[in-house]
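Counting starts at 1 for both ligands and their atoms, in listed order.
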Amino acid sequence: MDQIRIAGGRALKGEISIYGAKNAALPLMAASLLTSETLTLSNLPHLADISTLAHLLAGLGVEIGMNGDADNGGNAGRVLSLRAETISETTAPYDLVRRMRASMLVLGPLLARAGAATVSLPGGCAIGTRPIDIHLAGLERLGATIELRHGYVNAAAPRGLTGGEFRLPVPSVGATENLLMAASMAKGETVLSNAAREPEVADLANCLCAMGAEIEGIGSDELRVRGVAGLHGTDHEVLPDRIETGTYALAAAMTGGEIELVGARAELLSSPLEAFAETGMHIGETARGLVVRGDGRARSIDVQTQPYPGFPTDLQAQMMALMAVSDGASMITETIFENRFMHVPELVRMGADITVRGGTALVRGVAKLKGAPVMATDLRASVSLVLAGLVAEGETVVSRVYHLDRGYERLEQKLAACGAQIERVEP
Ligand code: EPZ
């Protein structure tokens, strides 16, 4: 398994292109099941998760074509055309779903289009048990019958789905997306309250409307959907990845460098950018996106993760890396997932001073981290170790970087192009 080796101490300077968000692309790809026409998605990132979902969708009967002119810079292969002329299979198998829980997002569209879906229970993952009870309760509210058998969800709606009112107990991103896609072709009106407001949900809703769906309240926590008989194809550009944007902004700040994030949209991550500015990071908008500069040690601040528009849980581990070398003490509270501090013991091995009590980590900034061999455990924890390695004294080797490849495209190449001493090695 590949490793990433970093020699810390270089200030990063240059520019990094930000492409489409993984967490927008995945539900958008699942939406292709809702129509027999072609859905063309552009600005896609090159990520393992995208390939895994494409493989799963192909197994359900979706014809997939990857194109995108090879000559316009890094844009080769960023355009995906998906066409589910017919649904030939309604089962999403365990060996694919266990690898990527976002496979669960085929449940709603399969039910809406084919009236049946058998999807393996995703199982937990490193950051938590990740239940799907809200997905299932919402689909039952729309008239589906749900049975759990041999580790699979067997859902059926032979006479189609019927709109209804459903309040999500937790503003679940995935459940909101599954229910939105299911409701788009249910008979009558559906009202989803306490819905997730993440920009990726809005991006999906906007694409569904372009496909002929009738959705009101996009961006709010109450989505009103009037079901239509069928949806048609469309072309849709995937919105830029706000988590990748925040990650590279932190890399610039931590190393005392300056990076232009080309393609980034500040309005998608206003809450983290406000927090970053409080630490002393300089952030400016440019014609092409954002420019971020760090100078001197970051000021310590307290952070609490919240559903959008609060501070995103997907940037918590990366923020902790910055706070580990800040000028004071910072309380970081994780409220979304029950076990999202796996980066802590690895950062401590690099000399960080962090104490965890329940869902809160007390981070006392240290003058210097020391390079060390560390282990990636989940996608965002992995990248926080890379950030720490960029500023640590000496060499850091991050193992199990397949976690990184799920959510960050060519991370080491992008950082190396900005002056980092970083390379991928095969042990
Ligand atoms: C999405 O996961 C993202 N993944 C996650 O990003 C992100 O961390 C998360 O939203 C929160 O923003 C994708 O979009 C593919 P949730 P999702 O349902 O939809 C509980 C990354 O690093 N819950 O909003 O699975 C759940 O346990 C990944 O890119 C239920 O209790 O997250 C959690 O505590 C990690 N029952 C909370 O809700 C349910 O039926 C939020 O989960 C569903 C969720």
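Partners of Ala175 under the side chain to side chain contact (heavy atoms under 4.5 Å, CB included) rule, at least two apart in sequence or in another chain, are Ile134, His135, Leu168, Ser172.
Close N/O approach between Glu338 and ligand 1 is not found [any backbone or side-chain N/O within under 3.5 Å]. In terms of polar-atom proximity, Phe337 is not counted as a contact of ligand 1, lacking any N or O under 3.5 Å from an N or O of the ligand.
The structure places CD of Glu334 at 10.0 Å from OG1 of Thr360, a figure rounded to the nearest 0.5 Å.
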### Query
Do Asn206 and His236 pass the side-chain hydrogen bond (donor to acceptor under 3.5 Å, both in side chains) test, and can you show the C-alpha distance, the side-chain angles, and the key distance before you say yes or no?
CA-CA 9 Å; Asn206 288 325; His236 182 80; over 6 Å; no

### Query
When you look at Arg406 and Asp49, which way does the salt bridge (Lys or Arg N to Asp or Glu O under 4.0 Å) test go after all the steps?
CA-CA 5 Å; Arg406 292 192 47 193; Asp49 274 8; 2.8 Å; yes

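A heavy-atom separation below 4.0 Å is found between Pro131 and ligand 1.
Remark: minimum distance from atom 2 (O) of ligand 1 to any protein heavy atom is reached at Arg130 NH2, 3.5 Å. Of the protein's non-hydrogen atoms, Ile134 N, 2.8 Å is the one closest to atom 40 (O) of ligand 1. Among all protein heavy atoms, the one lying closest to atom 1 (C) of ligand 1 is Val173 CB, 4.0 Å. When hydrogens are left out, the protein atom nearest atom 18 (O) of ligand 1 is Ser172 OG, 2.7 Å; that is the closest non-hydrogen contact. In this structure, the protein non-hydrogen atom closest to atom 22 (O) of ligand 1 is Arg380 NE, 2.9 Å. Looking at atom 36 (N) of ligand 1, its nearest protein heavy atom turns out to be Asp133 OD1, 2.7 Å. Annotation: atom 3 (C) of ligand 1 to nearest protein heavy atom, Asn23 ND2, 3.6 Å.
Remark: side-chain polar atoms of Asn194 are not paired, donor with acceptor, to backbone N or O of Arg167 under 3.5 angstrom. Judged by distance alone, the side chain of Glu346 and the main-chain N or O of Met375 form a donor-acceptor pair under 3.5 Å.
Using modelled atom types and a 3.5 Å distance limit, the side chains of Ser193 and Glu222 yield no donor-acceptor pair. In the model, Thr305 has no side-chain atom that pairs as donor or acceptor with a side-chain atom of Thr313 under 3.5 Å. When only modelled atom types and interatomic distance are considered, Thr40 and Ser81 share no side-chain donor-acceptor pair under 3.5 Å.
Set against the non-hydrogen atoms of Thr313, the atoms of ligand 1 under 4.0 Å away are 8 (O), 11 (C). Near Gly174, with a cut-off below 4.0 Å to any heavy atom, the atoms of ligand 1 are 18 (O), 19 (O). Of all the atoms in ligand 1, the ones that sit under 4.0 Å from a non-hydrogen atom of His135 are 40 (O). Short contacts between ligand 1 and Arg340, defined as distances under 4.0 Å to a heavy atom of the residue, involve ligand atoms 8 (O), 22 (O), 35 (C). Using a 4.0 Å cut-off to heavy atoms of Val170, the atoms of ligand 1 that qualify are 38 (O). Here is the list of ligand 1 atoms found below 4.0 Å of a heavy atom in Lys22: 21 (C), 29 (O).
In Asp314, the part holding a heavy atom less than 4.0 Å from any atom of ligand 1 is the side chain. Both the backbone and the side chain of Ile336 come within contact range of ligand 1, each with a heavy atom under 4.0 Å. Residue contacts with ligand 1, taken as heavy atom pairs separated by less than 4.0 Å, involve Arg101 solely via side-chain atoms from C-beta onward. Contact annotation for Leu379 and ligand 1: only side-chain heavy atoms (C-beta onward) come within less than 4.0 Å of the ligand.
Between Asp405 and Arg424 a salt bridge is recorded (basic side-chain N to carboxylate O distance below 4.0 Å).
Within 6.0 Å of CZ on Arg400 lie no more than 12 heavy atoms contributed by other residues, nucleotides or ligands.
Glu409 pairs with exactly one of Lys22, Lys414, Arg78 by the salt bridge (charged side-chain N to carboxylate O under 4.0 Å, His left out) rule, that one being Arg78.
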